[in-house]
Engineer: 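Okay, here's the structure, questions in a sec.
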Amino acid sequence: MRTFGVKEYRERLTGFQKKISPTLLQKLLTNGTSILADNMRKRIFFDGKDRVDNLISTRYSKKTIYVSKEDFVKKSAFKPKKGRKTMKLEGGYSELRKIQGMETRKVNLRYSGKLMADLKATATFTSIDIGSKTNSVNAKIKIGFKTKLSGYKAEKLEKQYGLENKIFRPSKQEVRDYINYIQS
């Protein structure tokens, strides 16, 4: 196996970096943001944690609510009293989740799956500078939702749990993982 000296290694590396096309760079950024969004989905909708790794909450509301069949994801769980179009749930939203077989011990913000599916991250690079000693890439990363309704729901949920701008933002670890992916 052939070995390279430091100078030759640097020259080869610089030559390789100069060959990186904007299209390839865009693919790298896009793949990285996809991983970032996936990591955020896992943290928020499965682990039930905010951006600083604390539980969003340990319980759902138990305030009495009235729900219709449209409020159910699992329609077969809707069993109102005879002649009624709504069900009274004295255990509140927590009971609504429980009778559908969903998590109730911690808040994970996953109900129908729509909010989770609508979370997206995109990246576009604005400039690339490959020099002899330094290389830099300026990129914009946007994290948001595909629909206005999901964006509205996310804002309301953050306010409801007293965590404005602390749930649907990447954690420090998620940002580090993104940077590591791009740099690897």
Side-chain angles (χ1 to χ4, degrees), residues 26-68 70-75 77-78 87-126 136-184:
Q26 184 64 48
K27 282 184 181 180
L28 184 64
L29 290 173
T30 301
N31 290 345
T33 55
S34 179
I35 292 168
L36 175 66
D38 287 345
N39 289 341
M40 289 177 65
R41 284 185 197 98
K42 181 186 179 303
R43 171 179 51 84
I44 297 164
F45 300 106
F46 291 90
D47 300 339
K49 294 188 176 182
D50 65 15
R51 68 183 294 200
V52 292
D53 210 33
N54 294 324
L55 287 176
I56 293 168
S57 182
T58 55
R59 67 182 192 89
Y60 285 100
S61 171
K62 294 191 178 194
K63 183 180 173 185
T64 301
I65 59 173
Y66 290 86
V67 293
S68 66
E70 290 78 36
D71 297 319
F72 281 75
V73 172
K74 187 177 175 184
K75 304 295 184 199
F78 179 71
M87 281 177 68
K88 179 180 182 180
L89 301 178
E90 298 203 15
Y93 188 68
S94 182
E95 184 179 349
L96 176 64
R97 292 180 63 86
K98 186 176 184 177
I99 62 177
Q100 295 182 88
M102 296 179 183
E103 171 78 57
T104 58
R105 294 174 305 202
K106 66 179 178 189
V107 171
N108 66 15
L109 305 185
R110 188 174 73 240
Y111 186 66
S112 70
K114 179 79 171 127
L115 188 63
M116 181 173 69
D118 279 354
L119 179 67
K120 67 176 183 171
T122 58
T124 54
F125 74 94
T126 54
S136 67
V137 175
N138 294 318
K140 289 184 180 180
I141 300 168
K142 293 182 183 178
I143 298 167
F145 294 89
K146 294 176 185 173
T147 66
K148 286 182 182 181
L149 179 60
S150 288
Y152 173 77
K153 286 179 183 179
E155 280 182 34
K156 294 295 273 183
L157 287 165
E158 285 184 328
K159 285 180 184 174
Q160 178 180 336
Y161 291 106
L163 297 167
E164 286 89 347
N165 297 318
K166 293 183 182 170
I167 298 174
F168 297 99
R169 304 284 186 278
S171 69
K172 287 181 180 179
Q173 184 60 50
E174 289 160 349
V175 171
R176 279 193 295 270
D177 291 346
Y178 174 78
I179 291 168
N180 288 338
Y181 174 80
I182 298 299
Q183 291 178 343
S184 65

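Along the sequence shown, the residues carry numbers beginning at 1.
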Engineer: Can you tell if the side chain of Leu115 reaches within under 4.5 Å of the side chain of Leu157, non-hydrogen atoms only?
Structural biologist: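 A side-chain contact under 4.5 Å exists here.
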Engineer: Judged by atom type as modelled, is there a donor-acceptor pair below 3.5 Å linking the side chain of Arg43 to the main-chain atoms of Lys49?
Structural biologist: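 Looks like yes, one N/O pair under 3.5 Å.
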Engineer: If you define the side chain from C-beta out and look only at heavy atoms, does anything of Gln173 sit under 4.5 Å from Asp53?
Structural biologist: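 Of all side-chain heavy-atom pairs linking Asp53 with Gln173, none is under 4.5 Å.
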Engineer: Please report the shortest heavy-atom distance between Lys98 and Thr104, naming the atom on each side.
Structural biologist: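 Closest approach of Lys98 to Thr104: N-CG2, 3.8 Å.
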Engineer: Is NZ or CZ of Arg110 both nearer than 6.0 Å to the six-membered ring centre of Phe46 and within 45° of the ring axis?
Structural biologist: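 Yes, Arg110 sits over the ring of Phe46.
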Engineer: Side-chain contact, heavy-atom cut-off 4.5 Å: Asp177 with Ile35?
Structural biologist: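 Of all side-chain heavy-atom pairs linking Ile35 with Asp177, none is under 4.5 Å.
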Engineer: Where do Tyr111 and Phe72 come nearest, in terms of heavy atoms and distance?
Structural biologist: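 Closest approach of Tyr111 to Phe72: OH-CA, 3.6 Å.
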Engineer: Of the non-hydrogen atoms in Tyr178 and Leu29, which two are nearest, and what is the gap between them?
Structural biologist: OH-CD2, 3.5 Å
Engineer: Do Glu164 and Lys159 have side chains that approach each other closer than 4.5 Å (heavy atoms only, starting at C-beta)?
Structural biologist: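 Of all side-chain heavy-atom pairs linking Lys159 with Glu164, at least one is under 4.5 Å.
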Engineer: So, does Gln100 use its side chain to make a donor-acceptor pair with the main chain of Val73 at under 3.5 Å?
Structural biologist: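 Side chain of Gln100 to backbone of Val73, a donor-acceptor pair under 3.5 Å: yes, one is there.
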Engineer: Do Leu89 and Ile65 touch side chain to side chain, with heavy atoms closer than 4.5 Å?
Structural biologist: yes
Engineer: Using a 6.0 Å cut-off, check whether atom NZ of Lys75 has over 12 heavy atoms from anything other than its own residue.
Structural biologist: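 Counting neighbours around NZ of Lys75, more than 12 heavy atoms of other residues, nucleotides or ligands fall under 6.0 Å, so yes.
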Engineer: In terms of side-chain heavy atoms, does Ser68 have a donor or acceptor partner in Glu70 at a distance below 3.5 Å?
Structural biologist: yes
Engineer: If you count heavy atoms of other groups shown closer than 6.0 angstrom to NZ of Lys106, is the number above 12?
Structural biologist: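 Above 12, so yes.
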Engineer: For the CG atom of Asp50 and the CG atom of Leu109, what is their distance to the nearest 0.5 Å?
Structural biologist: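 Rounded to the nearest 0.5 Å, the CG-CG separation comes out at 10.5 Å.
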Engineer: Measure the shortest side-chain to side-chain distance between Glu158 and Asn165 over non-hydrogen atoms and say whether it is less than 4.5 angstrom.
Structural biologist: yes
